[in-house]
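Read the structure below first, then the notes.
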Amino acid sequence: MCENSPEEVLQSNSQGTVDYEPKLGLEFDSDKDALNYYNEYARRVGFSVRKEYINTNKELGYVTSRKITCFKEGFRRDDKRKDQVKKLRRETRTGYQAHIIVTRHSMGKYHITKVKLEHNHALVSPTMVHMLPSHRRINEVQAHEIDLAEDAGLFSKTTFDFMSLQDGGRVNLGYTKLNQKNYLRTKRQKAMRRGETGVLLKYFEKKRIEDPSLFFAVQLDVDDMITNIFWTD
């Protein structure tokens, strides 16, 4: 990592700006450390980041350089399927070039070799920054507590409200209701693939290939748990 951790480097001063903002030559032990640093900088300033591209050494597999941008950087490419979609995705990019590029040097360290700091869009307030994509994540402790709440039979909304209260408000929680719902859905899908339900669904998928007239459907409750399975041929 760089000489100081992201938390140490990015201390806000009395004027509300951020010390040690990205600058040419700033050094990191890995490209992942650079990504974590820039994301922490973005959280303090009020924007979200996106991985733009990554170059690797094809023989040895290590990263040679990567570009990390503001999530509003550039414009999306024209979607060739747009005529087939009823509702197009809202354009969230504004075309500006706020980004950093980190490059691996001969000693294995990564340095910032290009940086642009300016944004042409409003930055997000500290009370709302946790809603931005790159700042939403469920850590291991939170995942364990969500699992325990589910095992105890609590509804997702109850769990989310309790954990928000426990952390002093949603702004401190670090994820949204949708993140929690997606986490539980992924967990259940993995469990279904391993359990009896997964065996049954796999059987239906196999039979549908053999018999196209076969139809099956699953009914979910408010927490995306399977309550009924229906099939007919």
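Counting begins at 1 with the first residue of the sequence.
Side-chain contact check for Asp167 versus Gln142: some heavy-atom pair is nearer than 4.5 Å. In this structure, the side chains of Met131 and Val124 stay at 4.5 Å or more apart for every pair of heavy atoms. With a 4.5 Å cut-off on side-chain heavy atoms, Gln180 and Ser156 count as touching. Proximity of His135 to Asn39: side-chain heavy atoms (C-beta onward) are separated by under 4.5 Å at one or more points. For the pair Glu150 and Thr159, the minimum side-chain heavy-atom distance is 4.5 Å or more.
Annotation: ring pair (Phe, Tyr, Trp, His ring centres under 6.0 Å) contacts of His144 (sequence neighbours excluded): none. Partners of Glu210 by salt bridge (Lys or Arg N to Asp or Glu O under 4.0 Å), not counting sequence neighbours, listed by chain and number: Lys207. Checked against ring pair (Phe, Tyr, Trp, His ring centres under 6.0 Å), Phe215 has no partners two or more places apart in sequence or in another chain. By the salt bridge (Lys or Arg N to Asp or Glu O under 4.0 Å) test, Asp161 is found to be paired with Lys157, Arg170, residues two or more places apart in sequence or in another chain being considered. The salt bridge (Lys or Arg N to Asp or Glu O under 4.0 Å) check on Glu205 picks up Arg208, with sequence neighbours excluded. In this structure, the ring pair (Phe, Tyr, Trp, His ring centres under 6.0 Å) partners of Phe204, at least two apart in sequence or on a different chain, are Phe216, Trp231.
Under 3.5 Å, the side chains of Asn57 and Thr64 contain no donor-acceptor pair of N or O atoms.
Cys70 contributes atom SG, which lies 8.0 Å from atom CG of Leu123 (distance to the nearest 0.5 angstrom). The NZ atom of Lys116 sits 6.5 Å away from atom NE2 of His99, with the distance rounded to the nearest 0.5 Å.
Ring geometry for Tyr37 against Phe28 counts as tilted: the plane angle lies between 30° and 60°, on a 0 to 90° scale. The aromatic rings of Tyr41 and Phe47 sit perpendicular, their planes meeting at an angle over 60°, well past the 30° parallel limit.
Following chains of ILVMFWY side-chain contacts shorter than 4.5 Å, one can reach Tyr38 starting from Leu117, so the two form part of one hydrophobic cluster.
When each of Thr113, Thr56, Asn55 is checked for a side chain to side chain donor-acceptor pair (under 3.5 Å) with Ser65, only Asn55 meets the rule.
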